[in-house]
Student: 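This is the structure I have questions about; it appears just below.
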Amino acid sequence: MATFQIGRDLEKPFKIDEKHTSVSHNHATITIDGDNWTLTDNDSTNGTFVEDDGVFRRCKHIHIKPNTWIRLGQEGYKGYTFKARRVLKPNDYSEDFDEIYEILQEFEETKRKLEVQKKIVRKIGPVLSVTFFGLSFAIPGINHSPIWSRLLIMAPGAIAPFISDAMINGLEKKLKFLQSLLICPKCRMPLSVHDIKNRSHSICKAC
């Protein structure tokens with residue numbers, strides 16, 4: 001069993017830089033017993049948080065995984081965010097960059113799908129208009145009914161937005177979420193495509 005004390009204390013093996021002022025000197029403990037990982041808050045002043053479905057929630061004592069995101073202290077530069085496995089390899093971000101590269105691949109594929117869907121959506125309005133115009137002549141009596149004629153004229157404009165939402169909104173939300181993950185595992189700044197492909201960050205030198 002291995003135990004890792006985390007904080008701004010200079011004697012700790014996993015030391016947090018003094019600039020992260022909302023992190024306590026002996027902030028939290030990660031205990032590793034085989035495949036069982038446990039995170040414990042050491043009665044820190046500003047709390048310990050774990051990421052759950054995109055939201056950081058405060059915890060006292062919780063089972064975690066090596067890829068669990070942890071935040072010590074406040075949100076922003078005063079706190080410190082890292083993956084649990086960092087305690088084993090404090091300065092090795094290679095696994096993180098491998099994951100980020102896979103996310104980039106998914107991001108680019110989603111972007112391509114979105115562009116295709118947008119081209120299709122642009123054609124939906126005209127196609128519906130022609131279709132409903134044809135129906136007005138194909139169905140007996142409709143072209144002589146003012147109400148039905150008006151409905152058929154209005155139908156394409158009413159239906160097209162719903163089809164557009166179904167085809168585009170989901171992909172746009174996914175694209176935005178994936179983009180939020182393309183950040184440096186060390187400094188949390190956005191990464192360029194060049195940085196991701198090189199598996200390093202040109203600014204903070206994480207690699």
Side-chain angles (χ1 to χ4, degrees), residues 2-7 14 16 20-24 27-90 92-115 117-118 162 164-193 195-196 199 201 204 206:
T3 301
F4 298 89
Q5 301 291 332
I6 307 169
F14 188 70
I16 308 300
H20 302 289
T21 54
S22 73
V23 178
S24 298
H27 196 108
T29 303
I30 290 180
T31 302
I32 303 173
D33 186 5
D35 292 331
N36 296 315
W37 291 52
T38 305
L39 171 67
T40 302
D41 179 77
N42 297 337
D43 296 321
S44 64
T45 303
N46 295 297
T48 299
F49 304 78
V50 296
E51 190 265 347
D52 178 20
D53 196 23
V55 178
F56 280 91
R57 306 184 189 282
R58 190 165 185 166
C59 65
K60 174 60 181 176
H61 183 80
I62 189 173
H63 291 289
I64 58 173
K65 297 179 180 180
N67 61 349
T68 298
W69 279 106
I70 299 169
R71 191 184 85 219
L72 306 179
Q74 301 170 6
E75 186 177 1
Y77 72 92
K78 289 185 178 181
Y80 184 78
T81 304
F82 66 103
K83 278 192 176 180
R85 64 177 176 230
R86 189 68 56 238
V87 297
L88 297 177
K89 300 177 181 179
D92 183 357
Y93 297 92
S94 57
E95 290 183 51
D96 298 87
F97 276 105
D98 286 342
E99 290 178 0
I100 293 168
Y101 182 78
E102 291 180 4
I103 293 171
L104 175 65
Q105 299 296 101
E106 187 177 359
F107 174 84
E108 292 179 338
E109 178 60 27
T110 302
K111 192 174 182 179
R112 284 192 289 269
K113 288 181 180 178
L114 180 60
E115 290 304 314
Q117 295 291 64
K118 284 183 175 180
F162 290 100
S164 176
D165 286 346
M167 296 180 68
I168 291 179
N169 281 7
L171 288 174
E172 287 182 335
K173 288 179 181 178
K174 182 179 180 180
L175 203 64
K176 186 176 181 180
F177 171 72
L178 291 172
Q179 189 171 29
S180 71
L181 301 179
L182 300 177
I183 57 176
C184 177
K186 181 180 179 181
C187 68
R188 310 288 287 171
M189 294 289 290
L191 291 166
S192 68
V193 173
D195 285 336
I196 296 172
R199 307 298 207 279
H201 190 195
C204 74

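Because the structure is a prediction, the values reported are computed rather than measured.
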Student: Do L39 and C59 come close enough that some side-chain heavy atom pair is under 4.5 Å?
Tutor: yes

Student: Taking all non-hydrogen atoms of both residues, which atom of T29 and which atom of Q5 are closest, and how far apart?
Tutor: OG1-OE1, 2.9 Å

Student: Output all residues satisfying salt bridge (charged side-chain N to carboxylate O under 4.0 Å, His left out) with E108, sequence neighbours left out; order by chain, then residue number.
Tutor: none

Student: Would you sort out whether R85 and E95 count as a side-chain contact (heavy atoms from CB on, under 4.5 Å), showing the intermediate values?
Tutor: CA-CA 10 Å; R85 64 177 176 230; E95 290 183 51; 3.7 Å; yes

Student: State whether the side chain of H63 and the backbone N or O of T38 hold a donor-acceptor pair below 3.5 Å, judged by distance alone.
Tutor: no

Student: Donor-acceptor check, side chain of H61 to backbone of D41, threshold 3.5 angstrom: yes or no?
Tutor: no

Student: Applying the side chain to side chain donor-acceptor pair (under 3.5 Å) criterion to T48, which one of H27, R58, K60, R71 satisfies it?
Tutor: H27

Student: CD of Q105 to CD of E109: how many Å apart, nearest 0.5 Å?
Tutor: 9.5 Å

Student: Find the distance between NE2 (H20) and OH (Y80) and round it off to the nearest 0.5 Å.
Tutor: 6.0 Å

Student: Can you check side-chain contact (heavy atoms from CB on, under 4.5 Å) on C187 and H201, steps first, answer last?
Tutor: CA-CA 9 Å; C187 68; H201 190 195; 3.3 Å; yes

Student: Return yes if some donor-acceptor pair links the side-chain N/O of R86 with the main-chain N/O of D92 below 3.5 Å, else return no.
Tutor: yes

Student: As an exercise, state the distance from CG of D195 to CD1 of I183, rounded to the nearest 0.5 Å.
Tutor: 13.5 Å

Student: List the steps, then state whether side-chain contact (heavy atoms from CB on, under 4.5 Å) holds for T81 with F49.
Tutor: CA-CA 9 Å; T81 304; F49 304 78; over 6 Å; no

Student: Hey, could you give me the CD1/SG distance between I100 and C184, rounded to the nearest 0.5 Å?
Tutor: 7.0 Å

Student: For the CG atom on D35, are there more than 12 heavy atoms of other groups (residues, nucleotides or ligands in this structure) within a distance under 6.0 Å?
Tutor: no

Student: Minimum heavy-atom separation for A84 and I64, please, with both atom names.
Tutor: CB-CD1, 3.7 Å

Student: I'd like to know if the side chain of S24 pairs up with that of N46 as donor and acceptor (distance under 3.5 Å, no hydrogens or angles considered).
Tutor: no

Student: Nearest 0.5 Å, please: how far is CG in N169 from CG in L114?
Tutor: 10.0 Å

Student: So how far is it from Q117 CD to T110 OG1, rounded to the nearest 0.5 Å?
Tutor: 11.5 Å

Student: Using a 4.5 Å cut-off on heavy atoms from C-beta on, say whether the side chain of I30 contacts that of I70.
Tutor: yes

Student: Would you mind reporting whether T31 and T40 have side-chain heavy atoms less than 4.5 Å apart?
Tutor: no

Student: Restricting to non-hydrogen atoms, name the atom on L88 and the atom on W37 that form the minimum distance, rounded to 0.1 Å.
Tutor: CD1-CH2, 3.6 Å

Student: Do you know which two heavy atoms are closest between A206 and K186, and how far apart they sit?
Tutor: CB-CB, 3.7 Å

Student: Yes or no on side-chain contact (heavy atoms from CB on, under 4.5 Å) for L191 and F97, after CA distance, side-chain angles and deciding distance?
Tutor: CA-CA 10 Å; L191 291 166; F97 276 105; 3.9 Å; yes

Student: Judged by atom type as modelled, is there a donor-acceptor pair below 3.5 Å linking the side chain of S22 to the main-chain atoms of K78?
Tutor: yes

Student: If every non-hydrogen atom of L182 is compared with every non-hydrogen atom of F107, which pair is closest and at what distance?
Tutor: CD1-CG, 4.2 Å

